[in-house]
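Written out below as structure tokens is the structure these notes cover.
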Amino acid sequence: MKNRFRIILATALAMACMTAKADEGMWLPSLISQRIVDMQEKGFKLSAEDIYSVNQASLKDAVVLFGRGCTGELISPEGLLLTNHHCGYSQIQQHSSVEHDYLKDGFWAMSRKEELPNKGLNVSFLERMEDVTDIILKGYTPEMTEEDRVELVKANSKALIAEATKEGKGLRATVEALYYGNQYFLFLYRQYDDVRLVGAPPSSIGKFGGDTDNWMWPRHTGDFSMFRIYADKDNNPAPYSKDNVPYKPKKYFRISTKGVQEGDFTFIYGFPGSTKEYIHSEGVRYIEEIGDPHKIHLRTLRLDIMNKYQAQSQKVRIQYSSKNANVSNAWKKWQGEVKGIKKMKTVRTKQEFEKAFDRWAQGGEFDGIIGKLAGIYAELEPYQFATDYYSETVRTIELANFAMSMARLFKQTDSTVTFDKERASEVAASFYKDWYLPIDKESFIAVMNEYEKNVPADFKPEYYKEKLASYGSIEAWAEDMFTNSIFIDPVRTEALDAADKDAVMADPATEFFNEFLKWYASDIQPVTTRLNQDLQLAYRDYMRGQMVYCRTQRVMKDFYPDANLTLRVAYGHIKGYSPADGVYYTPSSTIKGIMEKDNPEIFDYNIPQRLRDIYAAKDYGRWADASGEVPVCFIATNHTTGGNSGSPVINADGDLIGLNFDRVWEGTMSDIVFDPEICRNIALDVRYVLFTIDKIGEADYLFDEMTFTE
Ligand code: ARG
Ligand code: ASP
């Protein structure tokens, strides 16, 4: 018995304390000097100052947060930027119509004049980051309640942000908690708002393999698009103007075309969105057994409906292309994640770790923290479940969302009501452009029936129960909403004015959304907010506890803060993997694989005729590798997550060799637990980017502004 315990303890420790050895980790650039020796031992030839510096131009100045969820990098002194096709997707789509279908045919500006401006798109450069824990916690005393602490942090952050952004155009700042609030960092950004579309391959290249190949290896997707940042004549951020000029970056990447080999050092610089590497076993169990499976099922229903109608009409295919991709992306990822957590036995490993930790903690500062976390999770579970259902059902009804956004344009001051007609017109135009009633209505029926079946009565609004009773069925409810709502009719919507406020509020679509919203705000949110605050507080201790524990057990672990859409460095090397017994994947793919998948009958695999002709003639120009084929993608061991899309993949010399865009499906549990044997990021080989610009886009004039190392 004693022996068995010792073995379990040893395994648990090994699993939980030693993981950050092999390429796991998303490191803070300003602290990269702590990793630089390891990086250099693994092949990196530059210094910490080359990666991040506030005194001189460094690689960080060539990396941007693209929008609020992707990464991009500068590849010329003229503001030319590279990111993924799927990151520029909604911009490419917005410029597309049946007549100019840039999604289908691709788009290439043949001169600066032809570059397309994009409302609402911006990019942010990190000016600097700084540990501000002492400033943010100034005035904190251990007796404070968590609410008071939250308020204090808010107030101190606000003052700090105001100070940091006082001087300079386009500055914005955020204060982010790291390690559950054990540490705070200030991030100061300069944001540019005039970002124009320069080029995108046809989707048959940029989205080759579509959702079938998404999250998979071997991969052959040419997932890139190009933009250009514009600035005013002083190189400062400015809103779109035809007088703006190309932005001159402090730093841009040189491009290496000499090719990559298994074992080569790789380094990713980007904005990973969110990970939960240090959570309690109960948090993992919820994801694995409850959250993910239900969300997957609800999305399967919606995707089946979208796919059915998209297959019937080209117009609907375009209208729902972006929506479909968004819904299916997480849907597929969750499936890989569940599989990965199960395979890694993460719940059990964590439970064993927690047991050992708990024994160790007895009588000390961290005594009882494990039980406390379990208790909070137990209380949270039904509320989390209700929240997950609410967001994957009610909140997905497009008509209801639209109705609510129109309702919000009525403003009441004293007895006068106003309605912002101009804004309404804009919102309506973008809604109707991409809305197809039959999809929305069928989805309503499908997801609300699941809602009815699976959500316990205590966690449903009274409004809902009464309405359903009076309609008799979800189908009858849908019939009423999708026949009688004002908002199914663009003409009636356009005619709305201030006098229609009551009618809009009583509209079945508005009412549906609004009643659920009110219920959520009064019955669910206060509880989840309170419990999540309790969790934060408990995790703050547990996080510190894990650090102390691992140190005292003399098991080395280098901790890195969970991703939170701040700039990070991940490094590793190019490497294949074995996803299953008897299978081994090599780390790179070529154009040959595109031809093997090519199939004019299958939408996702129907490549442009031009690519077939090029392949037949082997007209590769200078882009073939030693084997005589054009390289397409490669995989590596860098620890990445959502948000790392579009990140530069950099070699030992600091030059650009690829563009990150995905992870392998079997490794998507890396947001929770990283397995060095299986977790791989997927990158586009930069030579395929150049090949496509050259041979498909015939936009090789763009090469003139790039710097090639060879
Ligand atoms: N899985 C990648 C990521 O999470 C690519 C997503 C876009 N592609 C798609 N077929 N939906 O961003
Ligand atoms: N495709 C993801 C992105 O958008 C990257 C990933 O999840 O690995 O950032």
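Along the sequence shown, the residues carry numbers beginning at 1. Note that ligands are numbered from 1 as they come in the structure, with each ligand's atoms numbered from 1 the same way.
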* Taking only residues two or more places apart in sequence or in another chain, which ones pass side-chain contact (heavy atoms from CB on, under 4.5 Å) with P249? ->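 P249: side-chain contact (heavy atoms from CB on, under 4.5 Å) contacts with L74, Y247, Y252.
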Pairs of nitrogen or oxygen atoms closer than 3.5 Å, one from [X] and one from ligand 2: do any exist?
X    : value
H86  : yes
W215 : no
C70  : no
S645 : yes
G643 : yes

* Structure fact -> Contact region, K333 to ligand 1, non-hydrogen atoms below 4.0 Å, reads neither
* To do: Answer with side chain, backbone, both or neither: which part of A325 has a heavy atom less than 4.0 angstrom from an atom of ligand 1?
  =>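 Both backbone and side chain.
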* Close-contact set for ligand 2 against G642 heavy atoms, below 4.0 Å ->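 By the 4.0 Å cutoff, the relevant atoms are 2 (C), 3 (C), 5 (C), 6 (C), 7 (O), 9 (O).
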* Angle class for the F44/F267 ring planes (parallel below 30°, perpendicular above 60°, tilted otherwise)? -> perpendicular
* At a 4.0 Å threshold, what atoms of ligand 1 neighbour a non-hydrogen atom of G210? ->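 Those atoms are 10 (N).
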* To do: Using a strict cut-off of 4.0 Å, indicate which atoms of ligand 1 neighbour a heavy atom of S645.
  => 12 (O)
* With ring centroids as reference points, do Y278 and F559 lie under 6.0 angstrom apart? ->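 Yes; F559 has its ring centre under 6.0 Å from that of Y278.
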* Asked: Under a heavy-atom criterion of less than 4.0 Å, does G642 contact ligand 1?
  ->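 No; G642 lies far enough from ligand 1 that no heavy-atom distance drops under 4.0 Å.
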* **Residue part near ligand 2, for N644, under 4.0 Å between non-hydrogen atoms** => backbone
* Determine, considering heavy atoms only, which of N214, D223, N84, N660 sits nearest to atom 8 (N) of ligand 1. => N214
* To do: Identify the residue among N84, N638, N681 that makes a side-chain hydrogen bond (donor to acceptor under 3.5 Å, both in side chains) with N660.
  => N681
* Would you verify whether the NZ or CZ of R172 falls within 45 degrees of the ring axis of Y189 while also being under 6.0 Å from that six-membered ring's centre? =>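 Yes, a cation-pi geometry.
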